[in-house]
Amino acid sequence: MTYTTSNPSSELVQAFRSLDVDQQLALFWFVYKEMGDSITPAAPGASTVSPEIAEGLFNQVKEMSHDEQLQVQRDLVSNKNTMITREYGALSDTTKLLFWYRLAQGMDSNTIIPMPPGYELNEQANNLLEQIKGLEFENQITLFRDVVGPMGVDPTTESHDESTGI
Ligand code: 45D
């Protein structure tokens, strides 16, 4: 994957994506906890966001068992080719972000598999969390869009996967 040097968050994106799958999920969770109330789904300028699409995908995941919910999220991060990851791949980056936000809210309310109590980030992930905390809000959003954008599978370019048969 190539990133333009004019994007100040590109190094952070690469560092994020270089963590192992579970550390990426855990880091993203801690980021959500840090951002807390500053995320407002009704934010102005949300022109490319499709709340009903994000909600539809979220509802599919919500119906699954906790183990399956975790698997879906791991599949998204690791670009595994499944029905859900392909649906995800068809969303705009901002809608992807909204979908992750809905998952995090679901974790808060226990409809989505919660973080194991006392789960700790490794040093590299913790380091990244500190750097992310230091970014301006706008740069954080840009970073997250760049992180969630390449997750899942682009259904227009990926045709077949031996392991899933999809
Ligand atoms: O057992 O323009 C481990 C909108 C392993 C509006 C685990 C927006 C062990 C329009 C993997 C740790 C609101 C969209 C378990 C803008 C184990 C708009 C599980 C902004 C169980 C800008 C870990 C949106 C798991 C924003 C399941 C800023 C971790 C959205 C899951 C930000 C982590 C969203 C999740 C963020 C993290 C979402 C789901 C930061 C989600 C984070």
Side-chain angles (χ1 to χ4, degrees), residues 7-9 12-13 15-80 82 84-85 87-152:
N7 181 349
S9 73
L12 288 179
V13 175
F16 203 118
R17 298 283 288 174
S18 72
L19 299 172
D20 75 38
V21 171
D22 281 11
Q23 286 292 316
Q24 287 187 51
L25 284 172
L27 171 57
F28 211 26
W29 169 256
F30 285 107
V31 162
Y32 164 76
K33 281 290 156 195
E34 284 295 330
M35 294 189 80
D37 299 338
S38 55
I39 306 172
T40 46
S47 53
T48 63
V49 69
S50 307
E52 25 333 278
I53 308 274
E55 205 60 22
L57 196 56
F58 171 73
N59 284 334
Q60 288 186 56
V61 178
K62 195 177 69 174
E63 297 309 317
M64 298 173 175
S65 70
H66 274 186
D67 283 350
E68 288 170 330
Q69 291 172 346
L70 178 55
Q71 191 57 49
V72 163
Q73 295 179 70
R74 285 176 168 151
D75 290 349
L76 285 168
V77 173
S78 58
N79 305 107
K80 188 153 174 234
T82 71
I84 296 268
T85 61
E87 284 186 51
Y88 173 93
L91 309 179
S92 73
D93 287 352
T94 307
T95 304
K96 288 173 181 168
L97 210 44
L98 181 58
F99 170 68
W100 281 105
Y101 175 63
R102 294 292 292 118
L103 287 174
Q105 285 183 315
M107 291 170 74
D108 264 338
S109 64
N110 246 354
T111 49
I112 301 293
I113 185 171
M115 284 293 285
Y119 194 91
E120 286 183 18
L121 294 175
N122 67 24
E123 200 190 326
Q124 206 192 341
N126 205 44
N127 204 308
L128 260 174
L129 179 61
E130 290 308 316
Q131 292 185 58
I132 293 168
K133 283 194 212 169
L135 294 176
E136 304 274 343
F137 183 72
E138 285 307 315
N139 290 333
Q140 289 179 338
I141 303 282
T142 303
L143 170 66
F144 303 146
R145 278 207 193 92
D146 290 349
V147 165
V148 303
M151 288 179 178

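Atoms within a ligand are numbered from 1 in the order they appear, just like the ligands themselves.
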[X] versus [Y]: any side-chain heavy-atom pair under 4.5 Å?
| X | Y | result |
| --- | --- | --- |
| Tyr88 | Val148 | yes |
| Gln23 | Gln124 | no |
| Ser50 | Leu91 | no |
| Leu70 | Leu25 | yes |

Below 4.0 Å, non-hydrogen atoms only: which portion of [X] touches ligand 1? Side chain, backbone, both or neither.
| X | answer |
| --- | --- |
| Met115 | side chain |
| Pro116 | side chain |
| Ile141 | side chain |
| Met107 | side chain |
| Ile112 | neither |

Contact check, Pro114 vs ligand 1, heavy-atom distance below 4.0 Å: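 Yes, Pro114 has a heavy atom closer than 4.0 Å to ligand 1.
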Which of the atoms of ligand 1 are close to [X], meaning less than 4.0 Å from one of its heavy atoms?
| X | answer |
| --- | --- |
| Asp22 | 5 (C), 11 (C) |
| Gln73 | 27 (C), 31 (C), 39 (C) |
| Tyr119 | 5 (C), 9 (C), 12 (C) |
| Leu103 | 39 (C) |
| Ile113 | 21 (C) |

Salt-bridge test for Lys33 and Asp108: reply yes if a basic N is under 4.0 Å from a carboxylate O, no otherwise. yes
Asp75 and Gln71 side chains, donor-acceptor separation under 3.5 Å: yes
Could you point out which residue of Val77, Val72, Leu76 forms a side-chain contact (heavy atoms from CB on, under 4.5 Å) with Thr85? Leu76
Which option out of Thr94, Leu70, Leu25 puts a heavy atom nearest to atom 7 (C) of ligand 1? Leu70
Using only atom types and a distance under 3.5 Å, with no angle test, would you say the side chain of Gln69 pairs donor to acceptor with the backbone of Thr111?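 Answer holds: yes.
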